[in-house]
Amino acid sequence: MLNKLFKTFSQDLAIDLGTANSLVYVKGQGIVISEPSVVAINQRTGRLLAIGNEAKKMVGRTPAHIVATRPLVQGVISDFEVAEQMLRYFIEKAYKKRFILAPRPRVVIGIPCGVTEVEKKAVRDATMNAGARDVYLIEQPVAAALGAQLQIQEAGGNFIVDVGGGTTEIAVISLGGLVISKSLRIAGDRLNEDIINFSREECKLLIGERTAEELKIRIGSAHILNQLNEEARVRVDKNKTNKDKTNKDKKQSSAKISEKLEMPMRGRNLITGLPEEIIISNYDISKAMEKSIKQIIGNIKATIEETPPELLADIMSNGIYLAGGGSLIKNLDILINKETKIPCKIIDDPLTAVVRGAGMVSEDIDELSNVLLNMEDLEPPK
């Protein structure tokens with residue numbers, strides 16, 4: 001009786017607690033919050049100054065005693081107290097009480113599939129302390145597959161790659177559970193670091209994280225180097241057979257690949273110590289990200305090799321689905337298709353796939369309980 005009363009008056013929530021961004025879904029309303037997972041703290045007083053969008057504006061622009069930090073690193077909580085306060089802020093902002101005595105909400109929260117029991121417990125405890133009545137954990141690739149409307153409850157292979165800010169989740173899903181999964185600590189943040197390192201080593205220019213992220217989004221590409229190498233190989237082969245035809249093809253090919261994107265990059269010159277602006281191209285950004293992207297694709301191939309043949313037959317037919325903000329890197333789907341020989345598709349609205357999937361579970365927790373993680377293992381022994 002009490003549970004039915006709670007269901008009537010409670011507004012259950014779903015949260016995608018991401019390393020870079022957090023999203024909140026309210027039962028019956030949809031996504032109501034989408035803000036960066038950033039908290040600004042005054043170290044002198046220990047007081048929180050801002051959370052989310054307001055805190056993101058302060059990154060790299062604060063005095064020494066004010067620190068804009070992320071309480072999550074590579075998909076897991078690194079600062080429990082700050083994470084708890086950030087969750088409380090999101091829950092209170094999203095949860096509008098319809099009655100004075102309305103019960104606290106139940107929360108479905110997405111976590112990476114490679115986390116330890118201690119890390120799972122940290123997420124659950126932080127969410128409970130932040131104001132949740134009950135907490136349910138769902139693995140992010142499962143939530144992303146639900147958000148992509150894949151038929152994961154059936155006996156068929158579904159291959160999903162969720163490229164987030166802190167982690168890349170690679171999973172084969174069947175009958176509502178993970179058959180094979182890999183969680184890499186290589187994702188959007190690592191690509192930003194690659195661009196920063198490339199700028200420092202090759203251009204002798206020190207840039208910030210926000211600049212690197214902007215370069216990645218605006219002119220970054222995953223496939224351009226492979227395309228250039230392939231084009232060069234084809235031209236060499238043609239040279240051996242028909243020089244006249246090669247000259248014509250070379251001009252056409254050069255026209256095709258010389259179309260490059262450029263963008264000004266501003267930072268501090270490491271030699272002179274003075275501010276400097278240089279023009280950088282998509283070829284440079286692609287070269288900077290090449291190693292990390294190869295590691296992601298290498299793990300996708302390894303997952304394919306481990307997949308049972310029957311499920312692999314389904315995957316070859318259905319394709320590989322890309323979710324997460326990192327899936328929007330230009331030509332990533334083309335490169336994965338080229339390397340794996342399996343069709344690759346970016347799902348609709350990949351940035352919100354996890355929270356939409358978790359939101360579907362929050363709409364009917366009892367019916368979809370089989371996709372949730374077993375919480376009994378997190379309970380202390382009696």
query = Charged N to carboxylate O under 4.0 angstrom, K182 versus E306?
reply = yes
Side-chain donor or acceptor of T19 paired with backbone N/O of G75 under 3.5 Å = yes
task = Please report the shortest heavy-atom distance between F90 and I33, naming the atom on each side.
result = O-CD1, 3.5 Å
ask   = Any donor and acceptor pair, going by atom type alone, linking the side chain of S286 with main-chain N or O of N282 inside 3.5 Å?
value = no
Salt bridge K301-E305, side-chain N to carboxylate O under 4.0 Å = no
task = Considering only NZ, NE, NH1 and NH2 on the basic side and carboxylate oxygens on the acidic side, decide whether R70 and D189 come within less than 4.0 Å.
result = yes
query = Regarding S183 and E169, is there a side-chain donor-to-acceptor distance under 3.5 Å anywhere?
reply = yes
inquiry  = Between S317 and D314, is there a side-chain donor-acceptor contact under 3.5 Å, judged purely by atom types and distance?
reply    = no
D12 (side chain) donor-acceptor with R106 (main chain) under 3.5 angstrom = yes
inquiry  = Can you confirm whether the side chains of S22 and S37 place a donor and an acceptor under 3.5 Å from each other?
reply    = yes
key: Candidate pair Y283 and E262, rule side-chain hydrogen bond (donor to acceptor under 3.5 Å, both in side chains), full reasoning   = CA-CA 9 Å; Y283 301 147; E262 294 182 334; over 6 Å; no
task = For T340 and I336, indicate whether the former's side chain and the latter's backbone hold a donor-acceptor pair under 3.5 Å.
result = yes
query = Between D194 and S292, does any side-chain donor sit less than 3.5 Å from a side-chain acceptor?
reply = yes
key: N/O donor-acceptor pair under 3.5 Å between K216 side chain and G188 backbone   = yes
request  = Check G267 against I207 and note the closest heavy-atom contact, atom names and distance.
outcome  = CA-CG2, 4.3 Å
key: Any side-chain donor near an acceptor of the partner, N269 and K204, under 3.5 Å   = no
inquiry  = For a quick test of reading the model, state the closest non-hydrogen atom pair linking T303 to N299 and the distance between them.
reply    = OG1-O, 2.8 Å
query = Any donor-acceptor pair under 3.5 Å linking the side chain of R356 with the backbone of D349?
reply = yes
message = Checking side-chain contact (heavy atoms from CB on, under 4.5 Å) between L17 and each of I109, L23, V76, which is the one that passes?
response = I109
query = Under 3.5 Å, is there a donor-acceptor pair between the side chain of K345 and the main chain of N318?
reply = yes
query = Does K27 pair with E363 as a salt bridge, N-O distance under 4.0 Å?
reply = no
query = Quick one: do E84 and R88 make a salt bridge, cutoff under 4.0 Å?
reply = yes
ask   = Side chains of E367 and S369: donor-acceptor distance under 3.5 Å anywhere?
value = no
Side chain S199, main chain I196, donor-acceptor under 3.5 Å = no
remark   = Closest non-hydrogen contact found for L191 with I329 is CD1-CD1, 3.2 Å
ask   = Does the side chain of N370 come under 3.5 Å of the side chain of Q153 through a donor N or O and an acceptor N or O?
value = yes
query = Do R218 and E213 meet the salt-bridge criterion of a basic N to acidic O distance under 4.0 Å?
reply = no
request  = Return yes if some donor-acceptor pair links the side-chain N/O of S78 with the main-chain N/O of P71 below 3.5 Å, else return no.
outcome  = yes
